[in-house]
Amino acid sequence: MNVVLKLFNQNKKANQLLLIYGLYCLSLLLVRAKITNSIYLFFLIWNVFLAIIPYAITSHLLTLDLKKTAKFKVLAIMAVWLAFVPNAFYIITDLVHLVNSDDRVFWLDLIILSSYALIGFAFGILSLLDFEKIVQQFLPLKNTNFIIPAICFLCGIGIYIGRILRYNSWDIISNPIDLAFDLFQMAISLKSILFSIHFGVFIYFSFLIKKNLTSNHPSHGNTNL
């Protein structure tokens, strides 16, 4: 519990807002369940949990004295982060489930799916901002300007792997051979490359908008709130 509180207080104001918004998102699902007598769309809770993981990882790293932490440990943690961070942005593709909604709850489902996509993106963007801070402790700023777009492109690849190829983060360990084969096929497919680029650009511009709006807001200064 102490660890959770420490991570929560790392960016307390933003985390309080995310917690309140998360409760709102949960209440929407409960209302839908009451109306339809169905738990359809409850998988969104799991997807949000997966989106929280990369944010929790970068929040944890920022609590450490990274220059005194073993580089191997930092790199290992960041590798885990890289495997999970696409999950935060993947939720936006859950909008495809809107086609399964009937007229009675169509607009409610639109709000639910959009709300969960927004909170997932929020966790992802905050995690990218934290990651940028972490990288800047080891590399010059000009290198960071190339790393973040590359990470966003990799997130686009991760979204393709999850939505189109239907793999999960843990398939890296549990099903590496099939994953490697499909990744090879993906690498020579124009469709998959364009898909990844467009999602990567979308994520990167979302990151830039959040970063610049924050840094230019007179009441926030250079914080991540």
Side-chain angles (χ1 to χ4, degrees), residues 1-60 62 81 84-131 152 155 158-159 162-163 168-169 199 202-217 219-220 223-225:
M1 182 58 71
N2 289 336
V3 174
V4 174
L5 289 174
K6 186 177 182 180
L7 293 179
F8 186 84
N9 290 327
Q10 177 69 21
N11 194 0
K12 188 174 181 179
K13 188 174 180 180
N15 291 336
Q16 286 176 334
L17 181 59
L18 287 168
L19 177 60
I20 293 170
Y21 187 61
L23 293 173
Y24 165 73
C25 291
L26 178 60
S27 71
L28 289 174
L29 281 182
L30 295 176
V31 169
R32 188 189 192 280
K34 179 67 175 178
I35 293 172
T36 63
N37 294 314
S38 168
I39 60 170
Y40 181 62
L41 295 183
F42 270 53
F43 61 83
L44 291 168
I45 297 173
W46 173 250
N47 287 351
V48 168
F49 171 75
L50 292 177
I52 292 173
I53 292 176
Y55 179 53
I57 290 172
T58 51
S59 295
H60 169 66
L62 287 176
W81 174 83
F84 277 93
V85 71
N87 291 314
F89 305 109
Y90 169 88
I91 303 181
I92 195 172
T93 66
D94 284 326
L95 287 167
V96 300
H97 296 289
L98 195 60
V99 299
N100 299 321
S101 298
D102 58 47
D103 292 340
R104 187 165 58 117
V105 292
F106 178 85
W107 296 109
L108 176 60
D109 285 353
L110 176 62
I111 292 296
I112 291 172
L113 289 165
S114 299
S115 295
Y116 278 84
L118 178 58
I119 197 171
F121 245 76
F123 282 120
I125 295 300
L126 288 173
S127 187
L128 279 177
L129 288 166
D130 286 347
F131 179 80
C152 292
C155 286
I159 293 171
R163 175 54 63 190
N168 297 302
S169 298
F199 268 94
F202 177 55
I203 294 167
Y204 184 57
F205 271 97
S206 300
F207 166 82
L208 288 178
I209 290 169
K210 165 59 181 171
K211 180 179 177 181
N212 284 281
L213 285 179
T214 300
S215 61
N216 292 331
H217 197 292
S219 65
H220 289 167
T223 68
N224 277 342
L225 303 181

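Atom CZ of Phe207 is separated from atom SG of Cys155 by 11.5 Å, given to the nearest 0.5 angstrom. Note that CG of Leu26 and CG of Leu44 are 11.0 Å apart. Values are rounded to the nearest 0.5 Å. The structure places CG of Leu62 at 9.5 Å from CG of Asn11, a figure rounded to the nearest 0.5 Å. Distance check, rounded to the nearest 0.5 Å: CG of Leu98 to CZ of Phe106 gives 4.0 Å. In this structure, Leu128 CG and Ser206 OG are separated by 10.0 Å, a value rounded to the nearest 0.5 Å. Note that the CG atom of Leu19 and the CD atom of Gln16 stand 8.0 Å from one another [nearest 0.5 Å].
Considering only residues two or more places apart in sequence or on other chains, Asn47 meets the side chain to side chain donor-acceptor pair (under 3.5 Å) condition with Asp94. The side chain to side chain donor-acceptor pair (under 3.5 Å) test applied to Ser101 returns Asp109, not counting sequence neighbours. Every residue was checked against the side chain to side chain donor-acceptor pair (under 3.5 Å) condition with Tyr24, not counting sequence neighbours, and none meets it. The ring pair (Phe, Tyr, Trp, His ring centres under 6.0 Å) search around Phe42 returns none, not counting sequence neighbours. Residues meeting the side chain to side chain contact (heavy atoms under 4.5 Å, CB included) test with Leu95, sequence neighbours left out: Ile92, Leu113, Ser114. Applying the ring pair (Phe, Tyr, Trp, His ring centres under 6.0 Å) test to Tyr90 and every residue at least two apart in sequence or in another chain returns nothing.
For an aromatic pair to be called close, the ring centres must be under 6.0 Å apart, and Phe199 with Phe89 fails this. Taking the six-membered ring where the residue is Trp, the centroids of Phe43 and Trp46 are separated by 6.0 Å or more.
By the 4.5 Å heavy-atom criterion applied to side chains, Leu126 and Thr58 are not counted as neighbours. For the pair Val48 and Phe123, the minimum side-chain heavy-atom distance is below 4.5 Å. In this structure, Tyr55 and Asn15 have side chains that are in contact, with non-hydrogen atoms separated by less than 4.5 Å. Within the 4.5 Å cutoff, the side chain of Leu29 has heavy atoms near those of the Tyr116 side chain.
Atom CG of Leu110 is surrounded by more than 12 heavy atoms from other residues, nucleotides or ligands within 6.0 Å. Within 6.0 Å of the CZ atom in Phe205, the count of heavy atoms belonging to other residues, nucleotides or ligands does not exceed 12.
In this pair, Phe202 and Phe121 present their aromatic rings tilted. The plane angle is within the 30 to 60° band.
Between Ala88 and Ala51, the shortest heavy-atom distance links the atoms CA-CB, 3.6 Å. The heavy-atom pair separating Leu129 from Lys211 by the smallest distance is CD2-CB, 3.9 Å. When all heavy atoms of Ile203 and Cys152 are compared, the pair lying nearest together is CG2-SG, 3.7 Å. The two residues Pro86 and Gly158 make their nearest non-hydrogen contact at CB-CA, 3.9 Å.
Of the possible donor and acceptor atoms, one in the side chain of Thr36 sits under 3.5 Å from a partner among the backbone N and O of Arg32. Under a 3.5 Å cut-off, the side chain of Tyr21 and the backbone N or O of Ile119 do not form any donor-acceptor pair. Put simply, the side chain of Asn87 gets close to the backbone of Phe84: a donor and an acceptor are under 3.5 Å apart.
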Show your working on side chain to side chain contact (heavy atoms under 4.5 Å, CB included) between Ile57 and Ser127 and close with a plain yes or no.
CA-CA 8 Å; Ile57 290 172; Ser127 187; over 6 Å; no
